[in-house]
**Q** 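Take this structure, written in C-alpha coordinates, and hold onto it; I'll ask about it next.
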Amino acid sequence: MFSGNDNNAGYQNTKIGNDGFWPDIEVGDFERQRSTPAVTDDTRIAHALVNAMAEVNRQLRTLKQNHKLAGSETAGDVDAPPTLNGKNRLVIQYEGAVFARAKADLLPDFATVQQRDAGENLAERSEDTRRELLAESERIIRNMSDMGRATVTLL
(Lines give C-alpha, C1' and ligand atoms only; values in the text may rest on other atoms or scores of the structure.)
Protein backbone atom coordinates (compact mmCIF):
# COMPACT_ATOMS: atom_id res chain seq x y z
CA MET A 1 0.00 0.00 0.00
CA PHE A 2 2.87 2.43 0.58
CA SER A 3 5.16 3.75 -2.10
CA GLY A 4 7.43 6.76 -1.94
CA ASN A 5 6.66 7.52 -5.59
CA ASP A 6 2.87 7.40 -5.77
CA ASN A 7 0.41 8.36 -3.06
CA ASN A 8 -2.22 6.10 -4.66
CA ALA A 9 -0.03 3.01 -5.08
CA GLY A 10 -1.75 -0.09 -3.81
CA TYR A 11 -5.15 1.55 -3.38
CA GLN A 12 -8.12 0.63 -5.53
CA ASN A 13 -9.47 3.01 -8.15
CA THR A 14 -12.94 1.46 -7.88
CA LYS A 15 -15.87 3.84 -7.60
CA ILE A 16 -19.12 2.51 -6.11
CA GLY A 17 -22.13 4.24 -7.59
CA ASN A 18 -24.78 5.47 -5.20
CA ASP A 19 -28.42 6.53 -5.49
CA GLY A 20 -27.86 9.96 -7.02
CA PHE A 21 -28.41 11.86 -3.78
CA TRP A 22 -25.71 10.38 -1.58
CA PRO A 23 -22.18 10.52 -3.00
CA ASP A 24 -20.46 7.73 -4.85
CA ILE A 25 -17.74 6.11 -2.77
CA GLU A 26 -14.13 5.75 -3.88
CA VAL A 27 -12.80 2.48 -2.47
CA GLY A 28 -9.26 3.87 -2.36
CA ASP A 29 -10.43 6.71 -0.09
CA PHE A 30 -11.74 4.13 2.38
CA GLU A 31 -8.51 2.13 2.19
CA ARG A 32 -6.42 5.24 2.89
CA GLN A 33 -8.59 6.72 5.63
CA ARG A 34 -9.26 3.49 7.49
CA SER A 35 -5.84 1.88 7.00
CA THR A 36 -6.94 -1.45 5.57
CA PRO A 37 -4.25 -4.14 5.48
CA ALA A 38 -2.72 -4.53 2.02
CA VAL A 39 -3.49 -8.25 1.94
CA THR A 40 -7.25 -7.75 2.30
CA ASP A 41 -9.11 -8.92 -0.80
CA ASP A 42 -10.16 -6.00 -3.04
CA THR A 43 -13.56 -7.51 -3.79
CA ARG A 44 -14.23 -8.13 -0.09
CA ILE A 45 -13.48 -4.47 0.67
CA ALA A 46 -15.80 -3.27 -2.11
CA HIS A 47 -18.59 -5.60 -0.94
CA ALA A 48 -18.25 -4.37 2.66
CA LEU A 49 -18.60 -0.79 1.40
CA VAL A 50 -21.67 -1.65 -0.71
CA ASN A 51 -23.32 -3.27 2.32
CA ALA A 52 -22.44 -0.33 4.56
CA MET A 53 -23.79 2.14 1.99
CA ALA A 54 -27.08 0.24 1.79
CA GLU A 55 -27.46 0.27 5.59
CA VAL A 56 -26.62 3.95 5.96
CA ASN A 57 -28.85 4.92 3.00
CA ARG A 58 -31.74 3.06 4.62
CA GLN A 59 -31.23 4.87 7.92
CA LEU A 60 -31.01 8.24 6.20
CA ARG A 61 -34.05 7.76 3.96
CA THR A 62 -36.14 10.42 5.75
CA LEU A 63 -33.25 12.90 5.88
CA LYS A 64 -32.72 12.46 2.14
CA GLN A 65 -36.44 13.01 1.44
CA ASN A 66 -36.44 16.17 3.56
CA HIS A 67 -33.43 17.62 1.73
CA LYS A 68 -34.93 16.76 -1.65
CA LEU A 69 -38.23 18.42 -0.68
CA ALA A 70 -36.20 21.50 0.30
CA GLY A 71 -34.73 21.60 -3.22
CA SER A 72 -31.38 19.82 -2.90
CA GLU A 73 -30.80 17.25 -5.61
CA THR A 74 -27.67 15.80 -4.00
CA ALA A 75 -26.11 15.77 -0.54
CA GLY A 76 -23.39 18.01 -1.95
CA ASP A 77 -26.02 20.64 -2.82
CA VAL A 78 -27.19 20.97 0.79
CA ASP A 79 -26.03 24.12 2.58
CA ALA A 80 -24.09 22.28 5.30
CA PRO A 81 -20.90 24.05 6.33
CA PRO A 82 -18.12 23.63 7.06
CA THR A 83 -16.61 22.37 3.83
CA LEU A 84 -13.32 20.60 3.23
CA ASN A 85 -11.75 20.02 -0.19
CA GLY A 86 -15.05 20.76 -1.94
CA LYS A 87 -17.12 18.45 0.30
CA ASN A 88 -19.71 19.79 2.69
CA ARG A 89 -20.28 18.47 6.20
CA LEU A 90 -23.14 16.21 5.09
CA VAL A 91 -20.99 14.42 2.50
CA ILE A 92 -18.06 14.10 4.90
CA GLN A 93 -20.33 12.70 7.61
CA TYR A 94 -21.95 10.27 5.17
CA GLU A 95 -18.56 8.92 4.17
CA GLY A 96 -17.53 8.65 7.83
CA ALA A 97 -20.67 6.66 8.73
CA VAL A 98 -20.19 4.33 5.76
CA PHE A 99 -16.47 3.88 6.36
CA ALA A 100 -16.94 3.07 10.05
CA ARG A 101 -19.54 0.39 9.23
CA ALA A 102 -17.46 -1.11 6.46
CA LYS A 103 -14.41 -1.34 8.71
CA ALA A 104 -16.53 -2.99 11.42
CA ASP A 105 -17.62 -5.55 8.82
CA LEU A 106 -14.02 -6.19 7.74
CA LEU A 107 -12.50 -6.61 11.22
CA PRO A 108 -12.73 -10.43 11.26
CA ASP A 109 -10.80 -10.47 7.98
CA PHE A 110 -8.09 -8.24 9.43
CA ALA A 111 -7.65 -10.51 12.44
CA THR A 112 -7.16 -13.59 10.28
CA VAL A 113 -4.38 -12.07 8.17
CA GLN A 114 -2.18 -10.99 11.10
CA GLN A 115 0.70 -13.06 12.40
CA ARG A 116 -0.30 -15.69 14.92
CA ASP A 117 0.35 -13.85 18.23
CA ALA A 118 -0.68 -10.43 16.94
CA GLY A 119 -3.71 -11.96 15.22
CA GLU A 120 -4.87 -13.62 18.42
CA ASN A 121 -4.58 -10.33 20.29
CA LEU A 122 -6.45 -8.52 17.51
CA ALA A 123 -9.16 -11.17 17.49
CA GLU A 124 -9.66 -10.70 21.23
CA ARG A 125 -10.10 -6.93 20.78
CA SER A 126 -12.04 -7.07 17.52
CA GLU A 127 -15.52 -7.36 19.05
CA ASP A 128 -14.94 -4.27 21.20
CA THR A 129 -13.50 -2.41 18.23
CA ARG A 130 -16.43 -3.53 16.07
CA ARG A 131 -18.90 -2.14 18.62
CA GLU A 132 -16.95 1.13 18.78
CA LEU A 133 -17.01 1.49 14.99
CA LEU A 134 -20.74 0.78 14.80
CA ALA A 135 -21.33 3.29 17.60
CA GLU A 136 -19.25 5.85 15.68
CA SER A 137 -21.43 5.32 12.62
CA GLU A 138 -24.59 5.72 14.71
CA ARG A 139 -23.29 8.93 16.32
CA ILE A 140 -22.56 10.40 12.90
CA ILE A 141 -26.00 9.44 11.58
CA ARG A 142 -27.69 10.95 14.64
CA ASN A 143 -25.72 14.17 14.12
CA MET A 144 -26.67 14.27 10.44
CA SER A 145 -30.31 13.90 11.49
CA ASP A 146 -29.93 16.80 13.96
CA MET A 147 -30.28 14.50 16.95
CA GLY A 148 -28.12 14.42 20.06
CA ARG A 149 -25.91 11.50 21.02
CA ALA A 150 -28.75 9.95 23.00
CA THR A 151 -32.51 10.21 23.16
CA VAL A 152 -34.67 9.78 26.23
CA THR A 153 -38.36 9.03 25.90
CA LEU A 154 -40.89 9.10 28.70
CA LEU A 155 -43.00 5.96 28.64
Side-chain angles (χ1 to χ4, degrees), residues 1-2 7-8 10-19 21-67 74-76 78 80-85 87-155:
M1 288 198 157
F2 176 75
N7 287 336
N8 293 320
Y11 296 114
Q12 293 187 58
N13 291 322
T14 305
K15 180 185 283 190
I16 301 172
N18 212 329
D19 65 0
F21 181 80
W22 297 112
D24 296 343
I25 295 291
E26 296 281 348
V27 178
D29 290 346
F30 168 74
E31 292 172 325
R32 271 186 296 283
Q33 290 181 31
R34 292 297 177 144
S35 303
T36 60
V39 295
T40 307
D41 179 68
D42 288 350
T43 302
R44 175 74 178 103
I45 292 171
H47 286 184
L49 282 164
V50 166
N51 291 334
M53 289 167 69
E55 290 176 17
V56 171
N57 288 1
R58 182 185 49 75
Q59 280 192 268
L60 294 174
R61 187 177 307 134
T62 300
L63 181 66
K64 172 185 160 182
Q65 290 170 346
N66 292 341
H67 283 303
T74 69
V78 175
T83 61
L84 177 66
N85 297 325
K87 294 180 182 180
N88 68 12
R89 173 184 48 83
L90 197 62
V91 169
I92 292 167
Q93 288 177 313
Y94 176 82
E95 290 176 348
V98 168
F99 290 1
R101 284 192 189 216
K103 184 149 186 179
D105 187 33
L106 290 166
L107 278 178
D109 296 0
F110 299 165
T112 61
V113 298
Q114 301 296 321
Q115 292 180 344
R116 182 178 169 94
D117 292 338
E120 287 174 8
N121 190 26
L122 181 58
E124 291 171 7
R125 293 188 328 254
S126 70
E127 188 55 35
D128 289 339
T129 304
R130 181 179 179 280
R131 279 193 295 272
E132 290 169 12
L133 288 165
L134 292 173
E136 174 187 345
S137 180
E138 288 300 319
R139 280 192 306 273
I140 293 169
I141 288 169
R142 290 181 65 81
N143 184 271
M144 292 171 76
S145 301
D146 201 27
M147 298 169 67
R149 287 186 177 234
T151 302
V152 177
T153 304
L154 183 61
L155 298 177

**Q** Which heavy atom of Asp24 sits nearest to which heavy atom of Gly17, and what is that distance?
**A**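 Between these two residues, the closest heavy atoms are OD1-CA, 3.4 Å.
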**Q** Do Thr36 and Ile45 make a side-chain contact, defined as non-hydrogen atoms from C-beta onward lying under 4.5 Å apart?
**A**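 When only atoms from C-beta onward are counted, Ile45 and Thr36 do touch, with a gap below 4.5 Å.
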**Q** If you compare all heavy atoms of Pro23 against all heavy atoms of Val91, which two are closest, and at what distance to 0.1 Å?
**A**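 Result for this residue pair: CG-CG1, 3.9 Å.
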**Q** Establish, from distance only, whether the side-chain atoms of Tyr94 and Asn88 form a donor-acceptor pair under 3.5 Å.
**A**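 On atom types as modelled, these side chains do not qualify, holding no pair under 3.5 Å.
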**Q** Which heavy atom of Leu49 sits nearest to which heavy atom of Ala102, and what is that distance?
**A**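 Looks like CD2-CB, 3.7 Å.
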**Q** Would you check, one step at a time, whether the test side-chain contact (heavy atoms from CB on, under 4.5 Å) holds for Asp105 with Arg44?
**A** CA-CA 10 Å; Asp105 187 33; Arg44 175 74 178 103; 3.4 Å; yes
**Q** Can you measure from CZ (Phe99) to CD1 (Ile140) and round to the nearest 0.5 angstrom?
**A**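 So the CZ of Phe99 and the CD1 of Ile140 are separated by 10.5 Å.
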**Q** Roughly how far, to the nearest 0.5 Å, is the CD atom of Gln33 from the CD atom of Glu26?
**A**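 Those atoms lie 11.0 Å apart.
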**Q** To check you understand the geometry: which heavy-atom pair defines the closest contact between Ile16 and Val27, and what is its length?
**A**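 So the two residues come closest at CD1-CG2, 3.8 Å.
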**Q** How many angstroms lie between CD in Gln59 and CZ in Arg142, if you round to the nearest 0.5 Å?
**A**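 Reported to 0.5 Å precision, the distance equals 10.5 Å.
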**Q** So, applying salt bridge (charged side-chain N to carboxylate O under 4.0 Å, His left out) with Glu136, which one of Arg101, Lys103, Arg34 is it?
**A**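 Exactly one pass, corresponding to Arg34.
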**Q** Any ion pair linking Asp29 and Lys15 (charged N to carboxylate O, less than 4.0 Å)?
**A**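 Not counted as a salt bridge, because no side-chain N and carboxylate O are separated by less than 4.0 Å.
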**Q** Minimum heavy-atom separation for Glu31 to Tyr11, with atom names?
**A**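 For Glu31 versus Tyr11, the nearest heavy atoms are OE1-CA, 3.2 Å.
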**Q** Taking the side chain as every heavy atom from C-beta outward, state whether Asn143 and Arg89 have any pair of such atoms under 4.5 Å apart.
**A**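 Asn143 vs Arg89: side chains touch.
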**Q** In Å and rounded to the nearest 0.5 Å, what is the CZ to CZ distance from Phe21 to Arg61?
**A**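 Interatomic distance, Phe21 CZ to Arg61 CZ, rounded to 0.5 Å: 14.0 Å.
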**Q** Run Glu95 and Phe30 through side-chain contact (heavy atoms from CB on, under 4.5 Å) and show every step you take.
**A** CA-CA 9 Å; Glu95 290 176 348; Phe30 168 74; over 6 Å; no
**Q** side-chain contact (heavy atoms from CB on, under 4.5 Å) between Leu133 and Leu107: does it pass, once the steps are laid out?
**A** CA-CA 10 Å; Leu133 288 165; Leu107 278 178; 3.9 Å; yes
**Q** Which value, rounded to the nearest 0.5 Å, describes the distance between Leu60 atom CG and Leu90 atom CG?
**A**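 With rounding to 0.5 Å, CG (Leu60) is 8.0 Å from CG (Leu90).
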**Q** What distance do Met147 atom CE and Glu138 atom CD have between them, rounded to the nearest 0.5 Å?
**A**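 The CE atom of Met147 sits 9.5 Å away from the CD atom of Glu138.
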**Q** Mind running side-chain contact (heavy atoms from CB on, under 4.5 Å) on Arg131 and Asp128 for me, showing each step along the way?
**A** CA-CA 5 Å; Arg131 279 193 295 272; Asp128 289 339; 2.4 Å; yes
